[in-house]
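Notes follow the structure.
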Amino acid sequence: MFLSITSSTWLMSLIGVGIVFMILFLLVVILQLFNHLFNTDSSKSDKFVSELKNNVHDEKQENVSELDKAAVATAVYLFYNELHDNESNVLTVKQTPSHWHAVLNERL
């Protein structure tokens, strides 16, 4: 029989699966260890997030000047109008005949 399952086949399969599960278990232990070592106080992070929200809210309430609005509008206008090349249908590559070109293409 071409594919024979022997006791050494089962042993190698068991060892392979065992190694994979041991590595996964070690990864879980290492990640849990990092979680305990670098656990930040949630009250500090909540306070930081609330301060950021207050800062953003305060900035939204400030009046934006007309010059700022004009600058943003001009930047957006220039950005969208310079995306398209006006000469997109113009072929700018010019072939120059060389000795190799004459050898490869004898019709020229």
Side-chain angles (χ1 to χ4, degrees):
M1 190 172 174
F2 184 73
L3 294 174
S4 61
I5 299 176
T6 60
S7 62
S8 63
T9 307
W10 287 108
L11 181 65
M12 291 297 286
S13 299
L14 186 63
I15 289 173
V17 171
I19 289 173
V20 168
F21 279 110
M22 284 188 61
I23 291 173
L24 288 174
F25 178 75
L26 285 175
L27 283 173
V28 168
V29 168
I30 290 170
L31 290 174
Q32 290 293 328
L33 181 67
F34 275 114
N35 188 24
H36 288 295
L37 288 177
F38 299 111
N39 192 8
T40 59
D41 189 17
S42 62
S43 63
K44 288 182 183 179
S45 62
D46 291 341
K47 184 178 177 183
F48 181 71
V49 169
S50 65
E51 287 177 9
L52 284 177
K53 286 181 181 179
N54 289 337
N55 288 341
V56 170
H57 186 66
D58 291 341
E59 288 178 5
K60 286 182 181 179
Q61 290 179 349
E62 292 179 7
N63 292 332
V64 180
S65 71
E66 293 297 320
L67 290 176
D68 292 337
K69 291 178 186 178
V72 170
T74 304
V76 170
Y77 175 79
L78 290 175
F79 176 75
Y80 282 118
N81 284 338
E82 291 181 3
L83 285 179
H84 180 67
D85 187 11
N86 292 334
E87 297 179 2
S88 62
N89 295 330
V90 177
L91 183 62
T92 58
V93 178
K94 297 179 183 178
Q95 287 186 346
T96 57
S98 67
H99 177 68
W100 288 103
H101 187 256
V103 169
L104 293 175
N105 193 355
E106 295 180 5
R107 292 183 290 165
L108 295 176

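Values in this document were obtained by computation on a predicted structure and should not be read as measured data.
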### Task
Look at the side-chain heavy atoms of Ile, Leu, Val, Met, Phe, Trp and Tyr, link any pair under 4.5 Å apart, and say whether I19 and L11 land in one connected group.
yes
### Task
Measure the spacing between CD1 of I15 and CH2 of W10 and express it to the nearest 0.5 Å.
14.0 Å
### Query
To the nearest 0.5 Å, what is the distance between CD1 (I30) and CG (N35)?
13.5 Å
### Task
Could you give me the CA-CA distance, side-chain angles and deciding distance for L33 and V29, then say whether side chain to side chain contact (heavy atoms under 4.5 Å, CB included) is met?
CA-CA 6 Å; L33 181 67; V29 168; 5.5 Å; no
### Query
Say you draw a straight line from OG1 of T74 to CG of L67; how long is it, rounded to the nearest 0.5 Å?
10.5 Å
### Message
For the CG atom of L26 and the CG atom of L31, what is their distance to the nearest 0.5 Å?
### Response
11.0 Å
### Linked, directly or transitively: V20 and I23 (ILVMFWY side chains, under 4.5 Å)
no
